[in-house]
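A short worksheet on the structure shown next.
Since the structure is predicted, the reported quantities are computational estimates derived from the model, not experimental observations.
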Amino acid sequence: MISRIDLRGDALPEGPALRDLLPRAEFDVQAALEKVRPICEDVHHRGDAALIDFAERFDGVRLDQVRVPAAALTRALEELDPAVRAALEESIRRARTVHREQRRSTHTTQVVPGGSVTEKWVPVERVGLYAPGGRSVYPSSVVMNVVPAQEAGVESIALASPAQAEFNGLPHPTILAACALLGVDEVYAAGGATAVAMFAYGTQSCPPANMVTGPGNIWVAAAKRYFTGRIGIDAEAGPTEIAVLADDTADPVHVASDLISQAEHDPLAAAVLVTDSVELADAVEKELEPQVAATRHVDDRIVPALSGKQSAIVLVDGVDEGLKVVDAYGAEHLEIQTADAAAVADRVRNAGAIFIGPWAPVSLGDYAAGSNHVLPTGGCACHSSGLSVQSFLRGIHIVDYTKDALAEVAHHVVTLAEAEDLPAHGAAIKARFGWKVPESK
């Protein structure tokens, strides 16, 4: 069901050579970009009419309007299963607890007497958030996007999720209920690239946004790439991933269940076990079969994911070598199930989120750890972070110098301007001092 890659014996290669040995899903955003381009431009030119036509084409339902009526949000919350509501409320509470601590405050640095630089943090004015609605329904993604935006102080928050024929063209009612719980009343029935285009360009019913965040399929990723520069984005999210670094202290039942839990997202989902224990590898392989047989989404998601080129058991000589492998891989989710797992986790450099030991599975982070589950994929954890309050903030430097403070450094400014052959830069300093640069004190 799952392949093996044996990296024992020889010294592990460095950098790209090691990354090339590791499993990864094929995810060609550039090819998808050409397909979403006409869709995005149609939304640009026709607005809501294009969104309605695309909902009929892609989602099989003809909408009367794109914006979800307030009454539908209220009804969805009233009809929400009480147990689901309680779980969502706890997820929101924990997420707020974590993300509130991420807020940044204005800070002033006194560089010299009379000269200071202040950095103030300003939230993005308006954001468009996306909650997928394909193979599964993701109210948790609503929580993970809305909470950090709210804690950052974003004033205008809109959310889009695909129209569902089963629910008369509205997004899934659990998505709507989550929005209502969070106080988000601007919700649109729009999916995929059309939703990103709606937020980027604006339509008759939806004002344009400054930024778009949220996970999605390859069409969402391609649309984000198309609009990069016009709007801010969080990331071009690819297929979800889990890597587990484990030794012979790990429980194969736990490891197998965690690999399966990620594989059930999508046939392109990646499940990777890195271990120095052949015995654990054998036991995990043996454990996969009964656990897969006992769950759902087997033939359309789990088996294709586990048997695909993006998933594997990687054998290494030891935990040190395993750390090199997982750092090269840069997993979206990385579990450490080894002896002294916390110390091993402290040595990890590249991961979207790290889960320590047997009692912190990825599923906990997906819903109720308080951490954010919108994380970098495709190895992007080597340079990017997951969604946070900082994602929605912009740092602005405020420079405040007196005449004396400028005079003290004026000759350096003029010297550097002339070194760069930009004499007008130096002239802007000289003009303030009668065209004679003050001497250094």
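Sequence neighbours left out, the pairs with a member in residues 352-382 that pass ring pair (Phe, Tyr, Trp, His ring centres under 6.0 Å) are H254-W359. Counting only residues at least two apart or on different chains, the salt bridge (Lys or Arg N to Asp or Glu O under 4.0 Å) pairs with a member in residues 141-169 are R96-E151, R100-E151, R103-E151. A side chain to side chain donor-acceptor pair (under 3.5 Å) check over residues 42-58, counting only residues at least two apart or in different chains, returns the pairs E41-H44, D42-R46, R46-D53, D48-T203, D48-S205, D53-R62, E56-R62.
Formation of a donor-acceptor pair under 3.5 Å by the T74 side chain with backbone atoms of A70 is found in this model. The backbone N or O of Q390 lies less than 3.5 Å from a partner atom in the side chain of S388, making a donor-acceptor pair. Of the possible polar contacts, none joining the Q291 side chain to the L288 backbone as a donor-acceptor pair under 3.5 Å is found.
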Exercise for review: Using the side chain to side chain donor-acceptor pair (under 3.5 Å) rule, take D400 and S116 through it: C-alpha gap first, then chi angles, then the decisive distance, then the call.
Suggested key: CA-CA 5 Å; D400 187 0; S116 68; 4.6 Å; no
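Every residue two or more places apart in sequence or in another chain was checked for a salt bridge (Lys or Arg N to Asp or Glu O under 4.0 Å) with R349, and none qualifies. Evaluation of the side-chain contact (heavy atoms from CB on, under 4.5 Å) rule for P304 yields P267 as partners, not counting sequence neighbours. E26 pairs by the salt bridge (Lys or Arg N to Asp or Glu O under 4.0 Å) definition with K309, not counting sequence neighbours.
Using a cutoff of 4.0 Å between basic side-chain nitrogens and carboxylate oxygens, R296 and E264 are not scored as salt-bridged.
Counting only N and O atoms by type, the side chains of S391 and D234 include no donor and acceptor under 3.5 Å apart. E241 and T377 are not linked by any side-chain donor-acceptor pair at a separation below 3.5 angstrom, with hydrogens and angles left out of the test.
Within a 6.0 Å radius of CG in D28, other residues, nucleotides and ligands contribute more than 12 heavy atoms. Counted within 6.0 Å of CD on E125, heavy atoms from surrounding residues, nucleotides or ligands total 12 or fewer; the atom is thus considered open.
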